Amino acid sequence: MKLLILSTALLGVFLAPILADNSISEQNKGNVGGDSHQTVSIDRQSQTVNVDNNNGWHSWNTIFDYGKGYIATRHFASKKCIISKIDPHIMPDVTTLPQVIKEKQKNHAREPPSKQITYMVSHKRITNLAPYGKGIEAMCKGIPAYAAYEVRRPSFYYYSGSCFNAGILWIVGINYCGETVEA
């Protein structure tokens, strides 16, 4: 019996790294808002990326569902979920994202992201979350969800409220603007 338990434990230790998805963690102690911690989990099999930004009241969670083509951000301070389409020209592909993140970390580049995207948040609530994928549906269930549309050239004409920024480890800066977003 002890041999069986020991064999199972050793098998788990050796198989875990092989079966694990990429998970990247970064501490950011130099930001204006104080300490924050961001974790990026990449699941190539389900083509999803989960980004958790832990920074007190300014925390947020983002899911990129590459299979469905959507991104959803849950902003904890405003208690809202924002759903938009993934821009493949801005966001690295799920297969290349780990390498892009590792290169950024290796170079210790802490400057603002070179790629920025701005979304205008709609006033109309999304009532059916099923078309956006199971991960997004689970994350946004029970809180107000709104669609957001990419603004190619942001201007004050489009801007009608506050903006909220969600960025992934200095790679992509995502700005959500509109009256439904309260930073």
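Only a predicted model underlies this, so the values are computations on that prediction, with no experimental measurement involved. Because only heavy atoms are used, hydrogens play no part in the values below, and waters and symmetry mates are left out as well, while side chains stay in.
In this structure, the side chains of K80 and Y146 come closer than 4.5 Å at one or more pairs of heavy atoms. When side chains are defined from C-beta on, M91 counts as touching L97, because their heavy atoms get closer than 4.5 Å. Counting only heavy atoms from C-beta outward, the side chains of M139 and C81 approach each other to under 4.5 Å. Taking the side chain as every heavy atom from C-beta outward, T118 and E150 never approach each other to under 4.5 Å.
Both Y119 and F164 belong to a common hydrophobic cluster when Ile, Leu, Val, Met, Phe, Trp and Tyr are linked at side-chain heavy-atom distances under 4.5 angstrom. Cluster annotation: I171 is connected to V49 through the hydrophobic network of ILVMFWY side chains, with a link wherever side-chain heavy atoms come within less than 4.5 Å. Cluster membership for I174 and I101, using ILVMFWY side-chain heavy atoms within less than 4.5 angstrom, is shared. With hydrophobic clusters built from ILVMFWY side chains whose heavy atoms lie under 4.5 angstrom apart, I90 shares a cluster with V40. A chain of hydrophobic side-chain contacts below 4.5 Å, direct or via other Ile, Leu, Val, Met, Phe, Trp or Tyr residues, connects V121 to I86.
When every heavy atom of G56 is checked against every heavy atom of S59, the shortest pair comes out as O-OG, 2.7 Å. Residues P98 and R44 come closest through the heavy atom pair CG-NH2, 3.4 Å. For the pair K79 and I143, the tightest heavy-atom approach, listed with the atom from each and the gap, is O-CB, 4.0 Å.
For the pair R74 (side chain) and C140 (backbone), a donor-acceptor distance under 3.5 Å is absent.
Taken to the nearest 0.5 Å, the NE2 atom of H58 stands 12.5 Å off from the CG atom of N165. We find the CZ-CD1 distance between F64 and I136 to be 10.0 Å, quoted to the nearest 0.5 Å. To the nearest 0.5 Å, atoms SG (C163) and CE (M120) are separated by 7.5 Å. How far CG of N54 is from CH2 of W60: 9.5 Å, rounded to the nearest 0.5 Å. The CD1 atom of I82 lies 11.0 Å from the OG atom of S122; values are rounded to the nearest 0.5 Å.
Using a 3.5 Å distance cut-off with no hydrogens or angles, the side chains of N50 and N61 do pair a donor with an acceptor.
Screening V94, V51, T48 against I42 for a side chain to side chain contact (heavy atoms under 4.5 Å, CB included) leaves a single residue, V94.
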In a table with atom names and distances, give each donor-acceptor pair under 3.5 Å that connects a side chain of residues 66-73 to protein atoms at least two apart or in another chain.
residue, atom, partner, partner atom, Å
Y66, OH, P92, O, 2.6
T73, OG1, T62, OG1, 2.9
T73, OG1, Y176, OH, 2.9

Exercise. For the pair S46 and D43, evaluate side-chain hydrogen bond (donor to acceptor under 3.5 Å, both in side chains) and give the outcome as yes or no after the intermediate values.
Key: CA-CA 6 Å; S46 68; D43 185 344; 3.1 Å; yes
Practice problem: List the steps and the verdict of side chain to side chain contact (heavy atoms under 4.5 Å, CB included) for N175 and I117. | Solution: CA-CA 6 Å; N175 299 299; I117 187 166; over 6 Å; no
